[in-house]
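Accompanying notes for the structure given below.
Not measured: the values here are computed from a predicted model. Chain identifiers are assigned alphabetically (A, B, ...) following the order of the sequence lines, protein sequences preceding nucleic acid strands; residue numbering begins at 1 within each chain. These values consider heavy atoms only, across backbone and side chains, with no hydrogens, waters or symmetry-generated copies.
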2 protein chains.
Amino acid sequence: MIAVLFGRYPLSPLRSGSVRLVIARCEVRYTGRLTATLPEALRLLVFKSDGSVMVHADTGGYKPENWMTPPTAIEERGDPLERIVVRKLRSDDRLDIAISEVLSDVSHALGDARELEKQGVETELQEALSEATGWLEPGLRLVRREWPTGIGPVDLMCRDSDDGWVAVEIKRMATIEAVEQLSRYLELLRETPDLAACRGIVAAQTVKPQARALAVARGLDCVEIDLDVIRALREPDLTLF
Amino acid sequence: MIAVLFGRYPLSPLRSGSVRLVIARCEVRYTGRLTATLPEALRLLVFKSDGSVMVHADTGGYKPENWMTPPTAIEERGDPLERIVVRKLRSDDRLDIAISEVLSDVSHALGDARELEKQGVETELQEALSEATGWLEPGLRLVRREWPTGIGPVDLMCRDSDDGWVAVEIKRMATIEAVEQLSRYLELLRETPDLAACRGIVAAQTVKPQARALAVARGLDCVEIDLDVIRALREPDLTLF
DNA sequence: CACTGAATGTCGTAT
DNA sequence: ATACGACGTTCAGTG
């Protein structure tokens, strides 16, 4: 492999732990899974040390107008900067940045950042419901969380007041996909004689209308759950009123 | 409404058409659909004039570690900067940025950027195919695009050379999910007597092997399409050779 | 405003 | 590598 050495920088222009911010008048073209062209304008270019490249306008929120995720190889040409080509390794994707004017070009060392900690809602929903299955249906009791099947675990496996089996799929928001997922599980579960009559319940904070329609067509029940109410059920010392 | 005026800036700190880039040692906390906390570290903060806020590390690619999409209200406190609170309007989402050190704080006017042009998205495939259904199968003719069903529209509804109905699902890349989607449509369509024998075709630029296998097992056809070839069909003055 | 489906989705994980 | 599910998905289009 021959090192790529155009312009001022070698293949990886950034030392570990830094970002490079370029304000430049440029035209950008992405070719790969599709072709996306940005006409010439002043834009913000962000180069991260992991090889990420982002092209941002001053609007458009969250999403870059164009970008490339790692791993990448970055070539630069010209001094002053005229052109940057970002290639995605092991792929034909590429980002061509034609630069006509550089207003600013600075790098900042950032160092290593410890990791982001997330406390999700979905897990909490499952934990809460597993201790309050009666809220889904009177008399429903938990047999096991994460009941294994050949194609993935059922969130909750329960038995109803008549001892009939009930599989529960939990989502924050239930879409058609949630109904499909539960349908697949049931299809498999019902091959087991004991579970031939297993019912299904989709439990979610919100159930999309089309998901509900499909669930009904498939003979599945839908239950909308209120996390606050369930939390209250779990903590009897906290009353709702 | 009382204007929010902490620190140096009023509610919307940026004039139209600019970005503000801050390199700062900070701790960030998002609360909303979940709670996500970033421990103190040097980070890049990007404020766009549309109200977007992004918190980036030097790694992690494409995605900000934390962010807020418009519409937002931004409060700043302290000089030097100590704290930034970003609130999402009409929502309880908020981003708290506690700043211990500012290494850089610059704004750049970017002006208005003309829009991004994309080629090769699914819509384009659908447009092209709708005028060249014969390419999918000899004699196939379009009856209607976006044929409505209770669970969403069928991309193309056609009739074949024997006047039999054919539902077509179009994807850029067909995965198992595309096959599932078409299966759902057919399940519903076939409840209508006239459509009881409706066939299905998955049309995509690329069809994943497992998607093809599932399609075959379900009695659906798969066709890989070449957008360039179809374009050529639509524009007879352009020949392929 | 709510709902739906596409996306260069991205990102992690299990197979 | 591929498939699959989750994501603070985001985003655009439509009723």
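Taking only side-chain atoms of A:Arg33, from C-beta outward, the nucleotide of C:dT8, D:dG5, D:dG8 with the closest atom is C:dT8.
What separates CD of B:Glu177 from C1' of D:dT2 is a distance of 16 Å, to the nearest Å. A:Glu180 places its CD atom 13 Å from the P atom of D:dC4, with the value rounded to the nearest Å. Atom CH2 of A:Trp67 is separated from atom C1' of D:dT10 by 11 Å (rounded to the nearest Å). Look at CG on B:Leu116: it is 10 Å from C1' on C:dT8, rounded to the nearest Å. Atom CD in B:Gln126 sits about 15 Å away from atom C1' in C:dA7, given to the nearest Å. When rounded to the nearest whole Å, the span between NZ of A:Lys48 and P of C:dT10 equals 14 Å. One can place CE of A:Met173 at 13 Å from C1' of D:dA6, the figure rounded to the nearest angstrom. Between the C1' atom of C:dT8 and the CG atom of A:Asp93 lies a distance of 7 Å, rounded to the nearest Å.
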*asked:* What does the B/S/- profile of nucleotides 1-6 of chain C look like, 5' to 3', with a 4.0 Å heavy-atom cutoff to protein?
replied: ---BSS
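Checked by atom type, the side-chain pair B:Glu40/B:Ser100 shows a donor-acceptor distance below 3.5 Å. A donor-acceptor contact closer than 3.5 angstrom links the side chains of B:Asp58 and A:Ser49.
In terms of the side chain to side chain donor-acceptor pair (under 3.5 Å) criterion, residue partners of B:Arg87 (sequence neighbours excluded) are, by chain and number, B:Glu75. Scanning for side chain to side chain donor-acceptor pair (under 3.5 Å) contacts around B:Thr192 gives an empty result, with sequence neighbours left out. Here B:Arg25 pairs with B:Glu101 under the salt bridge (charged side-chain N to carboxylate O under 4.0 Å, His left out) rule; sequence neighbours left out. Shown here are the salt bridge (charged side-chain N to carboxylate O under 4.0 Å, His left out) partners of B:Glu191, two or more places apart in sequence or in another chain: there are none. Residues meeting the side chain to side chain donor-acceptor pair (under 3.5 Å) test with A:Thr35, sequence neighbours left out: none. In terms of the side chain to side chain donor-acceptor pair (under 3.5 Å) criterion, A:Arg33 has no residue partners (sequence neighbours excluded). Partners of A:Arg83 according to the salt bridge (charged side-chain N to carboxylate O under 4.0 Å, His left out) rule, which considers only residues two or more places apart in sequence or in another chain, are A:Asp96.
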_Stepwise side-chain contact (heavy atoms from CB on, under 4.5 Å) check, B:Val46 with B:Leu21_ = CA-CA 5 Å; B:Val46 181; B:Leu21 305 171; 3.9 Å; yes
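Between the P atoms of C:dT8 and D:dG5, the separation comes to 22 Å (whole Å). Spacing of C1' atoms, D:dC7 relative to D:dC11, comes out at 14 Å, to the nearest Å.
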Which protein N or O atoms sit under 3.5 Å from an N or O of nucleotides 13-15 of chain C?
none

Give me, pair by pair, the N or O atoms of the protein and of nucleotides 11-15 of chain D that are less than 3.5 Å apart, along with how far apart they are.
residue, atom, partner, partner atom, Å
D:dC11, OP1, A:Gly60, O, 3.3

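For D:dT2, the OP1/OP2 oxygens have no side-chain nitrogen or oxygen of B:Arg212 closer than 4.0 Å.
At the heavy-atom level, B:Met68 lies under 4.0 Å from base atoms of the strands shown.
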What donor-acceptor contacts under 3.5 angstrom involve side-chain atoms of residues 61-69 of chain A, with partners at least two apart or in another chain?
residue, atom, partner, partner atom, Å
A:Glu65, OE1, A:Arg43, NH1, 2.5
A:Thr69, OG1, A:Lys88, NZ, 2.8

Show me, pair by pair, the donor-acceptor contacts under 3.5 angstrom made by side chains of residues 173-189 of chain A, not counting sequence neighbours?
residue, atom, partner, partner atom, Å
A:Thr175, OG1, A:Glu177, N, 3.2
A:Glu180, OE1, A:Arg218, NH1, 3.4
A:Glu180, OE2, B:Arg184, NE, 3.4
A:Glu180, OE2, B:Arg184, NH1, 2.6
A:Gln181, OE1, A:Lys171, NZ, 3.2
A:Gln181, NE2, A:Tyr185, OH, 3.4
A:Ser183, OG, A:Val179, O, 2.7
A:Ser183, OG, A:Arg218, NH1, 2.9
A:Tyr185, OH, A:Pro153, O, 3.3

